[in-house]
Amino acid sequence: MVDNKKVKATLPDGSVKEYPGGITLLEIASSIGPRLAREALAAKVDGRLVDLCSTLERDASIQFLTFDDEEGRQVYRHSTAHVMAQAVEKLFPGVKLAIGPAIADGFYYDFDPEEPFTTEDLGKIEKEIANIIKADLPFERRELTRLEALALFRDAGQDYKVELIEDLPEDVPLSCYNQGDFVDLCMGPHVPSTGRLKSVKLLNVAGAYWRGSEKNKMLQRIYGTSFPKKALLEEHLFRIEEAKRRDHRKVGAELDLFSIQEEGPGFPFFHPKGMILRNELEKYWREEHKKWGYQEIRTPIILNRALWEKSGHWDHYRENMYFTNIDENDFAVKPMNCPGCILVYKTKLHSYRELPIRLAELGLVHRHELSGVLHGLMRVRCFTQDDAHIFMLPSQSKEEIIGVIEMIDDFYKVFGFFYHVELSTRPEKAMGSDEMWETATSILREALEAKGMAYKVNEGDGAFYGPKIDFHLKDSLGRTWQCGTIQLDFQMPEKFDLSYVGEDGLKHRPVMIHRVIFGSLERFIGILTEHFAGAFPAWLAPVQVRVIPITERHAGYARQVEDALNEIGIRVEVDARNEKVSYKIREAQNQKVPYMLVTGDKEVEHGTVAVRHRTKGDLGSLSLAEFQDKLLEEIGTKLY
RNA sequence: GCCGAUGUGGCUCAGGGGUAGAGCAGCUCACUCGUAAUGAGCAGGUCGUCGGUUCGAAUCCGACCAUCGGCUCCA
């Protein structure tokens, strides 16, 4: 140890401090302030994540991480996962440990126990976690060689850890951490000691395949979360409860939008009010597509086997398809709209002057999904894609993709959605040459970059015929669902021998874009329902106005108001039931009707309506004409 | 499909080896009412389905179906 040497630490604010070499980061944090020493969980030294007990040996920039930093939270949750593993190992001796990472709002750890865990076990494990936290055991890092690590975990009978080590590159330095008598293979870093962890809650148990492959053994995964303050944990749990209240399956039943019945698992039924939503969305969709130069088509749901063989679906997508037999010939129910659309393109010869040709279709597709994945409207077995196929010159592809990106952005803005974008590349089971894939992928990348969009790359997640840009929206619990997608395809034009006549009078091969904006009407309605918690903007609301006569003698006037609103295309209902005003208002509120018009003696006398808005409350009296203008304006601008 | 949990009137749920109970909703009646639940009465269930154990099953056992939370897969 060099005792006299000084090291310089550059802090995030730019200030530089000098310390004796070999000082620990925790000591540095203390020198800056007691609060930082208390709240720091780990640190970054020249951008590298390290433990607070590690030492500073040379000049470096350092940054302390607290729970307020994303990376700090991850360290905190990851350390909690280790403590949970320690608790599980103590309560269930012989349990094998797999992996235990931090995730978005918490952590999980995968175990291979003798018996699956029960919900009651979670309580016991939580108690043991509390004991470990109370004991305030330090997290100690130890570096070891591959051989040492193999010996350690092999002796401990930790087969999964051994497998992990064996799969790591030979030259990577290994480390493990222990707290008390518990040891785990881990890169770290960790919080200094178990006492740093405060409020831990285990949320649920679920099965999960080892290394995410269904070919492997199914392990038992315990999900949990942790916070440095009890109040933060409670707030988080409250948010989860709140989100469940927005669940589209619950809201959809309450507002009578749709149902899913035993008779048709994954095949949703749309009720009258749900159909209003759908139809309004479709109406908007048609208007926009007209503006963007699309033409609408409709193709059959059932087409013959030869077509699906030609398109490659027979080879690449069969396990997701439904089949039938007509006059002793094989047919399939379409899982995608593209082959049908291609047949439309092929009905005549096309000139380069016509391109791009944009053919849109609200196409009902059926896909066989595993029973365990069905989820309300979000994941179903039949759905309507707001599909379109663009046939174009290769030189038009980037520009067309940019157009679609802009169009999707326009659509999502109307609903106030935030989204994130992923670029999905060549999957294992794919058609076409590597060069084609490379060209297509780089065109998509260039389009994204031209729009300055941040995106994440999703390796191997493309369609079997081409790479794609996916647009993901969030549901009420923060789970993301792919909605919009843009796929660039050089394969189908080849397979179907598509052509256009060029300037030179010769036949050339066009390129195709497959794209959806809503994704599927079903999923989009699910997202929409959760986003607005059922309180749809007026333009979408199944019932826009409910007229509430105060007593039976005001019912006649209420009917007049109803007629007047109907006349201008407003969706209106009269609640003429023999109930108190407050009762009818409560019900209209629960049904999330945007406007309630209370009509009593005063309104009858002056020809007005007393307006109540579902969130703004009592807005006072307006003449019927004024109210009509305001509402039409709100609907026209699609205000949300 | 796999792991775990759940399944009782339209909804939310209680009960539990001796052939079902509440609240809300529905219907009827009374009240004729001014911004989130007026009162009274009535009606409503092969306890997911099929099979087994039993003198007797909604209750115990098994299989299946569906749903929920995940895994895997995808719009």
Side-chain angles (χ1 to χ4, degrees), chain A residues 108 110 115-119 121 203-223 244 247 249-250 253-254 256 259-266 317 319-320 335-336 363 365 367-387 424 461 463 468 470-473 477 479 481-485 487 514-524 526-527 548-555 578-590 596-603 610-614 617-621:
Chain A
Y108 68 77
D110 284 346
E115 296 285 322
F117 299 118
T118 65
T119 326
D121 291 336
L203 298 167
N204 47 29
V205 209
Y209 297 109
W210 166 236
R211 298 195 144 179
S213 167
E214 60 191 328
K215 293 184 188 79
N216 292 336
K217 181 165 186 187
M218 180 154 278
L219 308 175
Q220 294 292 312
R221 174 173 297 179
I222 300 180
Y223 284 91
K244 285 183 185 160
D247 191 310
R249 293 166 297 188
K250 185 174 153 60
E254 284 164 359
D256 200 12
S259 62
I260 295 178
Q261 326 228 12
E262 277 204 24
E263 289 79 354
Y317 210 73
E319 64 278 16
N320 282 300
M336 296 189 193
V365 297
R367 296 184 185 174
H368 179 71
E369 299 291 347
L370 296 177
S371 59
V373 309
L374 302 177
H375 182 96
L377 291 181
M378 302 293 201
R379 193 62 180 284
V380 291
R381 283 177 172 157
C382 76
F383 53 99
T384 306
Q385 292 186 303
D386 63 317
D387 218 341
S424 294
D461 212 31
K468 55 183 187 159
D470 295 326
F471 294 73
H472 294 253
L473 297 173
L477 281 173
R479 293 176 290 211
W481 297 90
Q482 183 186 316
C483 290
T485 172
Q487 306 170 349
H514 309 238
R515 51 107 279 196
V516 290
I517 292 181
F518 292 139
S520 79
L521 267 308
E522 289 75 8
R523 180 176 287 181
F524 197 80
I527 295 272
I548 299 177
I550 291 176
T551 71
E552 281 167 356
R553 68 173 185 279
H554 307 115
N578 191 8
E579 295 289 350
K580 291 179 79 168
V581 183
S582 52
Y583 178 90
K584 298 188 206 177
I585 285 186
R586 179 186 155 78
E587 194 149 285
Q589 287 282 156
N590 288 339
M596 288 149 268
L597 300 182
V598 178
T599 53
D601 288 339
K602 277 181 274 179
E603 288 70 29
V611 183
R612 180 191 166 96
H613 184 264
R614 67 181 167 207
D618 191 346
L619 300 180
S621 279

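Each chain gets a letter, A, B and so on, in the order the sequences are listed, and its residues count up from 1. Remember, it's a predicted structure, so these values are computed and weren't measured experimentally.
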Would you say the side chain of R612(A) and the base of A36(B) hold a donor-acceptor pair, judged only by whether the two atoms sit under 3.5 Å apart? yes

OP1 or OP2 of G69(B) under 4.0 Å from side-chain N/O of Y108(A): no

I want to check one thing: is the phosphate of A25(B), taken as OP1 and OP2, less than 4.0 Å away from some side-chain N or O of Y583(A)? yes

How would you label the contact of L374(A) with the nucleic acid (heavy atoms, under 4.0 Å): base, sugar-phosphate, or nothing? sugar-phosphate

Let me have RNA chain B in dot-bracket notation, would you? Count Watson-Crick plus G-U wobble pairs, both distances under 3.5 Å, and use [ ] for pairs crossing earlier ones and | for inter-strand partners. (((((((..((((....[..)))).(((((.......))))).....(((((..]....))))))))))))....

Using a cut-off of 6.0 Å, state whether more than 12 heavy atoms not belonging to Q261(A) lie near its atom CD. yes

C68(B) OP1/OP2 closer than 4.0 Å to side-chain N/O of R249(A): yes

For Y209(A), answer base if it contacts any base atom (sugar-phosphate contacts may also be present), sugar-phosphate if it contacts only those atoms, and nothing otherwise; contact means non-hydrogen atoms under 4.0 Å. base

Any side-chain N or O of R553(A) below 4.0 angstrom from OP1/OP2 of C33(B)? yes

Hey, which of these two, I260(A) or V380(A), hits RNA chain B nearer its 5' end, going by closest nucleotide? I260(A)

Is any side-chain N or O of H375(A) closer than 4.0 Å to OP1 or OP2 of G69(B)? yes

Need one value for N590(A): base, sugar-phosphate or nothing, where a base atom within 4.0 Å counts as base even if backbone is also close, heavy atoms only. base

So, does K584(A) use its side chain to make a donor-acceptor pair with the main chain of P549(A) at under 3.5 Å? yes

Quick check against the 3.5 Å criterion: does E522(A) have a side-chain atom that pairs as donor or acceptor with the backbone of T384(A)? yes

Return yes if the base of C74(B) and the side-chain atoms of R523(A) contain a donor-acceptor N/O pair under 3.5 Å, otherwise no. yes

Between R479(A) and G70(B), is there a contact of a side-chain N or O with OP1 or OP2 at under 4.0 Å? yes

Do R249(A) and L377(A) come close enough that some side-chain heavy atom pair is under 4.5 Å? no

Over all strands shown, is E254(A) touching base, sugar-phosphate only, or nothing at heavy-atom distances under 4.0 angstrom? nothing

Using a cut-off of less than 4.0 Å, is there contact between a side-chain N or O of S371(A) and OP1 or OP2 of G1(B)? yes

Indicate, with a heavy-atom threshold strictly under 4.0 Å, whether E263(A) touches base, sugar-phosphate, or nothing. nothing

Can you work out whether D618(A) or Q220(A) has the more 5'-proximal nearest nucleotide on RNA chain B? Q220(A)

Rounded to the nearest 0.5 Å, how far apart are CZ of R381(A) and CG of L374(A)? 4.5 Å

Got a donor-acceptor contact below 3.5 angstrom from the D386(A) side chain to the I517(A) backbone? yes

So what does G212(A) hit on the nucleic acid, given a heavy-atom distance under 4.0 Å: a base, only sugar-phosphate, or nothing? sugar-phosphate

Using a cut-off of 4.0 Å on non-hydrogen atoms, how would the nucleic acid contact of K602(A) be classed: base, sugar-phosphate, or nothing? base

Look at the side chain of R367(A) and decide which nucleotide, out of U72(B), A75(B), U67(B), has an atom nearest to it. A75(B)

Are any of K468(A)'s side-chain N or O atoms less than 4.0 Å away from OP1 or OP2 of A75(B)? yes

Using a 4.0 Å heavy-atom cut-off across all strands, classify A206(A) as base, sugar-phosphate, or nothing. base

Which of U35(B), C71(B), A37(B) is nearest the side chain of V598(A)? It is U35(B)

Contact under 4.0 Å: Q385(A) side-chain N or O vs A75(B) OP1/OP2: no

Checking all strands, does G207(A) fall into the base, sugar-phosphate, or nothing category for heavy-atom contacts under 4.0 angstrom? base

Would you mind classifying the nucleic acid contact of Q589(A) as base, sugar-phosphate or nothing, using non-hydrogen atoms under 4.0 angstrom? base

For F383(A) and A75(B), are the ring centres under 5.5 Å apart with planes inclined under 30°? yes

